[in-house]
Amino acid sequence: MPFSKLGLSTPILQALSERAYQQPTPIQQQAIPAILAGKNLLAAAQTGTGKTASFVLPILQKLSKAQTPLRGKRIRVLILTPTRELAVQVEENIGHYAKHLEISSLAMVGGVDAEPQKQALIYGVDILVATPGRLLDMIHQRALHFDQLDTLVLDEADRMLDMGFIDDLEKILQRLPEQRQSLLFSATLSPQIKRLAKTTIENPLEINVASSSDNSPKIEQWLITVDKDKKSALLSQMIIDNNWQQALIFIQTKHGSAKLVSQLEKRGIQAEAFHSGRSQASRSKLLADFKSGEVQFVVATGIAARGIDIDELSRVVNYDLPDQADDYIHRIGRTGRAGAVGEAISFVSKDDFRNLCSIESRLGQLIERRVVEGLEPKKEVPISILNHRPKSNKGSGHYKPRNKVSH
Ligand code: AMP
């Protein structure tokens with residue numbers, strides 16, 4: 001099915017053809033007509049499936065027909081995202097798709113000066129992409145009002161709950177007009193997400209493309225068993241022996257990331273640390289350099305890296321396995337995007353065994369194990385248990401703030 005059959009106008013189709021999009025992805029085929037028809041949506045789609053365009057394109061189409069002039073400090077569409085990086089990236093996408101339209105957009109995130117954002121709101125903005133914290137600040141400062149709002153998007157809603165934004169979300173939702181179109185996107189439709197949807201979205205149409213094998217990103221996953229103290233040697237060896245050009249490497253702690261960067265440097269490999277201790281400006285620059293290929297290896301803490309979106313990222317490495325099985329799925333979702341094949345490699349030591357079992361149970365499959373000659377583990381990783389259930393407070397999709405930190 002071509003894009004032209006979905007009811008999008010010429011300026012949008014032109015922008016899509018300039019981006020060389022040939023045809024809509026499955027989520028786009030389902031979501032675009034539904035949103036154009038004014039339906040509320042509860043959509044399960046992971047990053048990499050084309051979910052951003054699936055809501056941005058119909059929103060642009062509707063906005064291009066908007067009749068009433070926008071008043072000052074007003075917005076028509078609010079897109080809420082869990083992280084600054086994701087907000088900036090969604091707004092960038094809007095810029096691409098709205099290239100031939102007169103539609104304004106703004107990313108409003110924390111960690112940067114609020115004044116220019118306030119100024120940008122003065123004459124009103126069609127689409128505001130915001131993280132919950134900064135948005136609430138702006139609401140309290142009476143820098144924006146929602147009486148002209150007609151569409152709400154909750155993007156990566158599961159991450160927002162995971163990151164402890166439920167209270168902020170509720171405060172924001174209370175202020176929005178009841179008459180609105182609401183669209184919720186989440187990697188999984190967990191019971192918590194359904195509960196949130198129930199109170200937020202009236203009678204939504206449910207779309208689920210997450211589990212279909214032909215549109216989920218193609219990711220080759222495997223793991224290497226290795227002793228904990230040999231992980232950095234293993235990483236250097238993998239980079240050098242396989243001539244890796246790029247990798248996003250996930251590590252547990254900020255301290256660990258700095259240490260690993262210096263260990264890699266000692267072996268002649270240039271890498272950069274990406275964590276919440278760095279300023280927003282330096283993180284943005286680092287991401288841009290990584291995207292352009294100037295920086296080849298980024299060592300990121302899981303929390304800081306949640307919103308990273310890099311096209312055609314060929315490889316992620318879990319230097320440490322995450323505590324939450326859902327985080328593993330999000331991490332590997334950073335690769336194999338939009339049809340490209342990606343590789344997700346995990347370094348698993350005996351200490352990672354519990355996390356491995358949770359992840360494999362969540363995936364419903366075992367991850368292929370390999371060893372690297374000369375770095376075989378002395379402390380063996382036991383055989384996996386596929387029906388492992390994490391302890392009640394460590395399960396996936398929990399409600400409690402895990403890391404209510406600034407990113
Ligand atoms: P998302 O799932 O929104 O993070 O999108 C993943 C990637 O797919 C982004 O880099 C988009 O630019 C790209 N993309 C989205 N829709 C299409 C499409 N129909 N054809 C090709 N690439 C697409």
Side-chain angles (χ1 to χ4, degrees), residues 46-48 82-83 85-86 156 158-165 186-188 190 192 210 217 219-226 228 231-232 234-235 247-257 259-260 273-276 298-310 313 315-336 342-369 381 384-386 388-405 407:
Q46 296 188 9
T47 47
T83 63
E85 283 80 17
L86 184 60
E156 299 201 0
D158 49 345
R159 296 246 62 90
M160 279 197 261
L161 296 189
D162 273 358
M163 289 167 72
F165 283 134
S186 173
T188 51
S190 62
Q192 287 86 348
I219 303 163
E220 222 179 279
Q221 307 174 55
W222 45 283
L223 63 83
I224 302 174
T225 52
V226 63
K228 198 180 164 123
K231 283 187 178 181
S232 86
L234 172 63
L235 181 61
L248 177 59
I249 300 144
F250 288 99
I251 196 162
Q252 205 76 3
T253 64
K254 213 190 301 185
H255 172 71
S257 68
K259 190 169 153 199
L260 180 58
F274 184 93
H275 53 66
S276 54
V298 167
V299 181
T301 57
I303 303 161
R306 274 187 192 141
I308 292 183
D309 173 39
I310 294 148
L313 178 63
R315 182 174 303 103
V316 298
V317 175
N318 286 305
Y319 191 88
D320 295 319
L321 282 183
D323 290 337
Q324 306 290 330
D326 277 356
D327 281 347
Y328 176 86
I329 291 169
H330 280 277
R331 285 183 187 184
I332 68 169
R334 305 292 163 217
T335 176
E343 190 172 57
I345 305 161
S346 301
F347 291 2
V348 178
S349 66
K350 193 163 181 250
D351 309 41
D352 295 310
F353 179 62
R354 267 176 170 281
N355 288 339
L356 176 65
C357 291
S358 309
I359 291 164
E360 291 182 323
S361 303
R362 171 77 174 73
L363 292 172
Q365 67 177 74
L366 297 180
I367 303 171
E368 184 195 329
R369 293 187 181 202
V381 181
S384 302
I385 311 159
L386 248 194
H388 175 82
R389 289 274 166 274
K391 290 214 183 88
S392 57
N393 64 343
K394 287 190 95 190
S396 59
H398 58 113
Y399 236 33
K400 271 205 156 149
R402 182 164 41 132
N403 294 300
K404 189 151 181 191
V405 290
H407 289 266

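For clarity, every value in this text was computed on a predicted model and none was experimentally measured.
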Please answer whether the main-chain N or O of [Y] pairs with a side-chain N or O of [X] as donor and acceptor at a distance below 3.5 Å.
X    : Y    : value
Q192 : D158 : no
Y328 : L356 : no
D320 : Q252 : yes
K228 : D351 : no

Gap between atom [atom2] of [Y] and atom [atom1] of [X] - 0.5 Å precision:
X    : Y    : atom1 : atom2 : answer
I224 : L234 : CD1   : CG    : 4.5 Å
I359 : L366 : CD1   : CG    : 12.5 Å
E156 : T83  : CD    : OG1   : 7.0 Å
I367 : W222 : CD1   : CH2   : 12.0 Å
Y319 : S346 : OH    : OG    : 13.5 Å
Q46  : I332 : CD    : CD1   : 7.5 Å

TODO: Carefully, step by step, assess N355 and S358 under the rule side-chain hydrogen bond (donor to acceptor under 3.5 Å, both in side chains).
DONE: CA-CA 5 Å; N355 288 339; S358 309; 5.0 Å; no
Is there a side-chain contact between [X] and [Y] in this structure, where contact means two heavy atoms from C-beta onward sitting under 4.5 Å apart?
X    : Y    : value
R369 : V381 : yes
D327 : R159 : yes
D352 : K231 : yes

